[in-house]
Every structure is written in C-alpha cells, then in structure tokens.
> 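Below are the structure tokens for one structure; questions will follow.
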Amino acid sequence: MPVEIPNLENSVIRDIRELTLPELASRVSTALLSEDLSESTINQLCQSAINFPAPLIDLDEQLSVLELWHGPSLAFKDFGARYMAALMSELVRDEERTLTILVATSGDTGGAVAAGFLGVPNVEVIILYPSGRVSPLQEKQLTTLGHNITALEIDGTFDDCQTLVKTAFLDAEVNDHYLLSSANSINISRLIPQSFYYFEAYRQWLERHEGPLVFCIPSGNFGNLTAGLLAKKMGLPIHQLIAATNANDVVPRYLQSGEYSPRPSQATISNAMDVGAPSNFRRMEDMYGHMWKDMTNDIVGYSYTDGETKAAILDIKSKYDYTMDPHGAVGFLAAKDFQKQNPGCHVIILETAHPAKFLPVMNPILGEIDIPDRLAQLSSLKKTATPMSKDYAAFRTWILRRASLQQ
C-alpha cells in the first residue's frame with residue numbers, strides 16, 4: 001500500500017470534465033509515483049497503455065453499466081496488465097537478469113497479462129490456472145501465445161494457484177535463481193490503474209446525472225473493489241461501494257458479522273469470482289485501520305446463487321436488450337437489491353468482461369451470442385500447458401529445474 005494516499009480534489013477532480021482517460025490516468029499516477037518516475041515517463045506510459053475506452057452505458061435513469069472489456073483481452077484486467085507491462089519494461093530496462101512474473105488466474109487476469117507482456121523485452125510470464133475452472137476461450141487466451149508466456153494447468157482451485165505463487169516469493173532458493181514479481185492485484189502496480197476507470201466513470205456520469213453515486217463491483221479477489229476504495233480515499237465523491245459476490249461470500253459475511261473466515265472456494269458460473277481467501281481483504285482492513293464498523297459505513301455486501309445469476313442474465317436481456325456476462329449479472333442483482341433499500345441513489349455496475357468469454361454459460365440462456373473476431377480466432381489455436389499438482393513441492397521442483405536448464 002502507499003505510505004500516504006494523496007488527495008486529488010484540487011489536482012484532478014476539479015478539472016475532471018476536461019480530462020481524457022489517459023490524462024486522468026497520468027494525473028493519478030503522477031500523484032502516486034512521482035518519487036520513482038518522471039512526469040514525462042508517466043505520461044508516455046499512460047498514453048501507450050490506456051489506449052482504449054471505458055464507456056458508461058445507461059440502462060435507466062438510476063442504473064448504468066461501465067463497460068471495461070474494450071481492451072485487447074476483452075476484460076477489465078487489460079487496464080492493470082497493460083499499465084504494469086509498460087511500467088515493468090521501464091523499470092527493468094537496465095537490469096541484467098530477466099524479470100519473471102508469476103501470476104495466478106481464475107480466468108481473465110491470465111489472458112490480460114499474457115497479452116500485455118507478450119514480447120516485452122527482459123520479462124517472462126508464468127501463468128498458473130486451475131484446471132477445468134476457466135472457460136474454453138479464457139484458457140486459449142492463456143495457453144496459445146508461446147514466446148515469453150508459459151502456462152501451468154494446476155489440479156486445484158484459484159486459491160491453490162495463488163498459494164503456490166505466494167509461497168514461491170518466500171522461497172529463498174527460488175529467489176536465488178529468479179528475479180520475481182507478480183501480476184496479480186497483490187502487486188500495487190496492478191491495482192493503481194484499476195482506480196483510473198472510477199474517475200473516468202465519474203467524469204461521464206457528471207455529464208448526465210446527479211445525486212449520490214454508488215459503484216457495484218462483482219468481486220472475487222477484491223482488487224477491483226480495493227481500487228474503488230483507493231479512488232474514494234483520493235477524494236472521488238463515491239457515496240458507497242457494493243461488494244457483489246457469488247457463493248464465495250466471505251467478505252459479505254464479514255461485513256454482516258465482523259468475523260473474517262476464509263474457506264475453500266466453490267466453483268460457480270461466475271468463475272473469475274471463485275475465491276475463498278481474497279488477498280485484497282488485508283488492504284481493505286489497512287485502509288480502515290482494522291475498524292470493521294468504519295468499513296461497513298462505506299461497503300455493503302450481497303451474494304447470489306448460480307440460479308439467480310442465470311435468471312438475471314435473462315431478465316437484463318428482456319428488460320434492457322443488454323447482454324451481460326455472469327459476473328456483471330451478479331452485480332446487477334446486488335444493485336437492484338441495494339436500490340430497494342436506498343432509493344434515489346444512482347448505481348454504476350462494473351461490467352468486467354465480454355459475455356462471449358463465457359459461452360458455456362451464456363448460450364444455453366440466451367441462444368448463440370456474437371463472438372468478437374479476436375476471440376473467435378482462438379478456437380483454432382493449439383493449447384500448450386504443463387499439467388501440475390497443487391503441491392508446492394512439485395511446483396518448486398519444476399521451477400528450479402527450469403532455472404538450471406536456462407543457465
């Protein structure tokens with residue numbers, strides 16, 4: 001976490017109507033990173049990395065959708081992955097050793113990181129993903145690029161993948177052989193760019209709406225919600241944030257009871273949210289000084305079943321002629337329940353991925369949906385992944401053997 005969170009009310013929010021998304025990204029980045037990078041470097045980084053839109057789509061007068069899937073991998077993770085790739089490339093420019101990025105994914109992180117870091121000099125990426133728990137097109141995004149991208153198919157859950165990554169960071173022998181970093185939201189340079197689109201959403205919202213502004217965030221590892229908290233702490237006038245989850249409802253339960261009890265994740269149709277021990281919960285606690293009551297003033301949590309999610313997908317299409325993915329549909333349910341108790345609030349739902357990435361879920365509900373060309377082209381590509389158990393000893397043996405072969 002930053003030692004201090006800067007207040008941007010005068011430097012950014014005052015001028016927000018006149019700023020483009022890359023300019024917003026540059027202003028926020030400069031406030032956080034000016035001690036490490038020059039303003040010109042930050043400007044170049046943001047112009048090259050944040051080069052796609054995040055449009056705000058109104059469903060009705062009090063409900064909007066922020067589409068975050070207009071980047072290369074069709075998921076919100078493109079903001080963090082492209083920004084981080086540009087930043088890491090700058091930081092390792094004069095480094096003699098190759099930087100190895102270890103990343104666990106429940107689906108979209110891996111695809112975004114693979115696309116963002118593909119071909120970046122002096123950087124390699126090792127992606128760990130849970131076997132059978134990502135959609136077929138998501139898997140192709142992880143396993144077909146080659147070059148400096150390596151995929152490991154783990155016989156376990158996302159939490160198991162995340163544990164392998166975290167354990168490797170603490171392994172002295174592994175660190176003797178590798179210069180390691182992470183591309184999960186445990187890395188602050190992945191989290192910072194996720195705050196950009198909260199500012200961008202507010203800029204668009206100001207043009208046509210007023211009243212208390214609430215963001216509804218489909219949540220798994222809680223990086224996206226933590227980025228919203230970061231934006232709020234920097235002065236963005238967010239009235240409240242909604243944590244919308246599937247059956248993996250550890251944080252909503254905490255918000256209700258004050259007791260945090262992580263548990264093994266459950267597989268659902270909104271697979272990117274299948275996290276039983278979210279890493280970013282510790283950041284959330286840090287922001288509130290471990291004061292549960294203070295956190296509940298800003299965040300409210302809801303959870304939903306697969307059956308409710310499927311019904312919501314159909315309901316959204318019927319009422320609004322809008323196709324929403326299984327994660328956004330969880331957010332829609334939470335937004336509607338929140339508005340029943342808080343009339344007058346405008347809620348923005350974060351739509352985190354293109355619905356075509358989840359065809360096994362979407363097609364039985366809505367029939368054949370359109371697939372963007374960049375996804376359709378993946379179907380003919382060959383998957384290349386190394387199967388591996390969730391046991392750390394197996395991963396450790398593999399990664400150390402790999403180091404010896406590279407010497």
Side-chain angles (χ1 to χ4, degrees), residues 54-70 74-76 107-108 135 197-198 201-202 204-205 208-209 211-220 222 224-225 227-228 238-249 251-252 255 268-275 299-367 369-370:
L56 187 68
I57 310 298
D58 290 342
L59 297 183
D60 59 36
E61 284 299 312
Q62 288 188 297
L63 191 64
S64 302
V65 175
L66 185 67
E67 292 185 344
L68 299 176
W69 45 257
H70 291 270
L74 301 176
F76 79 98
D108 285 328
S135 75
Y197 42 74
Y198 286 92
Y202 176 68
Q204 296 179 61
W205 179 81
R208 51 189 191 265
H209 297 291
L213 176 59
V214 176
F215 282 94
C216 184
I217 304 101
S219 301
F222 280 79
N224 228 354
L225 189 139
I238 299 173
H239 177 64
Q240 259 187 319
L241 297 105
I242 304 170
T245 72
N246 53 28
N248 298 282
D249 59 351
V251 172
L255 292 170
T268 74
I269 61 171
S270 46
N271 64 288
M273 295 154 57
D274 294 348
V275 182
I299 310 169
V300 61
Y302 298 89
S303 64
Y304 300 93
T305 66
D306 280 355
E308 291 171 318
T309 305
K310 291 176 182 178
I313 292 171
L314 193 59
D315 189 38
I316 296 162
K317 185 66 174 178
S318 174
K319 286 184 178 178
Y320 304 105
D321 193 26
Y322 188 87
T323 303
M324 189 171 281
D325 89 294
H327 307 80
V330 172
F332 173 82
L333 289 166
K336 299 301 283 186
D337 281 344
F338 178 87
Q339 287 181 323
K340 289 176 185 177
Q341 300 172 346
N342 301 272
C345 288
H346 191 111
V347 180
I348 296 176
I349 304 165
L350 270 57
E351 174 66 333
T352 53
H354 194 287
K357 300 186 78 171
F358 311 98
L359 295 179
V361 176
M362 301 299 300
N363 284 347
I365 300 171
L366 299 181
I369 67 172
D370 293 335

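Numbers for residues simply follow the sequence, beginning at 1. Here the structure is a predicted model, which means the values were calculated and not measured.
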> To check you understand the geometry: which heavy-atom pair defines the closest contact between Val361 and Pro364, and what is its length?
O-CD, 3.4 Å

> So, using ring-ring contact (aromatic ring centres under 6.0 Å, His included) as the criterion, who are the partners of Tyr197 when residues are at least two apart?
Phe79

> Quick check: does any side chain N or O of His239 sit under 3.5 Å from a backbone N or O of Cys345, one acting as donor and the other as acceptor?
no

> Between the main-chain N or O of Leu350 and the side-chain N or O of Thr352, is there a donor-acceptor pair closer than 3.5 Å?
no

> Can you list every pair that meets salt bridge (Lys or Arg N to Asp or Glu O under 4.0 Å) and has a residue in residues 339-356, with sequence neighbours left out?
Asp337-Lys340

> Of all heavy-atom pairs between Ala201 and Ile348, which one has the smallest distance, and what is that distance?
CB-CD1, 4.2 Å

> Does Asn248 reach the side chain of Val275, with side-chain heavy atoms less than 4.5 Å apart?
no

> Once side chain to side chain donor-acceptor pair (under 3.5 Å) is applied, do any residues pair with Gln204, and if so which ones, sequence neighbours excluded?
Glu200

> State, yes or no, whether a side-chain contact exists between Val251 and Ser219 at a heavy-atom distance under 4.5 Å.
no

> Where do Gly344 and Gln62 come nearest, in terms of heavy atoms and distance?
CA-NE2, 3.1 Å

> Over 60° means perpendicular and under 30° means parallel, so tell me whether Phe215 and Tyr198 are parallel, tilted or perpendicular.
perpendicular

> Which residues pass the side chain to side chain donor-acceptor pair (under 3.5 Å) test with Asp60, not counting sequence neighbours?
Tyr320

> Under the side chain to side chain donor-acceptor pair (under 3.5 Å) rule, collect the residues that match up with Glu61, sequence neighbours excluded.
none

> To check you understand the geometry: which heavy-atom pair defines the closest contact between Asn271 and His327, and what is its length?
N-NE2, 3.4 Å

> Quick check for you: to the nearest 0.5 Å, what is the distance between Leu68 atom CG and Asn224 atom CG?
7.0 Å

> Please enumerate all residues that pass side-chain contact (heavy atoms from CB on, under 4.5 Å) together with Val300, with sequence neighbours excluded.
Ile242, Tyr302, Phe338

> Would you say Leu314 and Leu366 make side-chain contact, with heavy atoms under 4.5 Å?
yes

> Name all residues meeting the salt bridge (Lys or Arg N to Asp or Glu O under 4.0 Å) criterion together with Asp249; count only those two or more places apart in sequence or in a different chain, and write none if there are none.
Arg253, Arg263

> Looking at residues at least two apart in the chain, or sitting in another chain, which of them share a side chain to side chain donor-acceptor pair (under 3.5 Å) with Ser303?
none

> Does Thr245 form a side chain to side chain contact (heavy atoms under 4.5 Å, CB included) with Val330? I'd like the steps, not just the answer.
CA-CA 7 Å; Thr245 72; Val330 172; 5.6 Å; no

> With sequence neighbours left out, which residue pairs that include part of residues 305-315 fulfil the salt bridge (Lys or Arg N to Asp or Glu O under 4.0 Å) condition?
Asp315-Lys319

> Taking only residues two or more places apart in sequence, or in another chain, which ones meet Asp321 in a salt bridge (Lys or Arg N to Asp or Glu O under 4.0 Å)?
Lys317

> Can you tell me how far the CD1 atom of Ile269 sits from the CZ atom of Phe358, to the nearest 0.5 Å?
10.5 Å

> Measure the acute angle between the ring planes of His346 and His209, then classify it against the limits of 30° and 60° as parallel, tilted or perpendicular.
tilted

> To the nearest 0.5 Å, how far apart are CE in Met362 and OG in Ser135?
12.0 Å

> Measure across Pro252 and Ala243 and return the closest heavy-atom pair with its distance rounded to 0.1 Å.
CG-O, 4.3 Å

> Tell me, please, which residues at least two apart from Ala329 pass side-chain contact (heavy atoms from CB on, under 4.5 Å).
Thr309, Ala312, Ile313, Ile316

> Mind checking side-chain contact (heavy atoms from CB on, under 4.5 Å) for Pro55 and listing every partner two or more places apart, or none if nothing turns up?
Pro53, Ile57, Glu67, His70

> Tell me the closest heavy-atom pair linking Cys216 and Ala335, and the distance in Å.
SG-N, 3.9 Å

> Go through Val214 and Asn342 one step at a time and tell me if the side chain to side chain contact (heavy atoms under 4.5 Å, CB included) criterion holds.
CA-CA 10 Å; Val214 176; Asn342 301 272; over 6 Å; no

> Measure the shortest side-chain to side-chain distance between Leu56 and Tyr202 over non-hydrogen atoms and say whether it is less than 4.5 angstrom.
no

> Report yes if some heavy atom in the side chain of Lys336 is under 4.5 Å from a heavy atom in the side chain of Leu63; otherwise report no.
yes

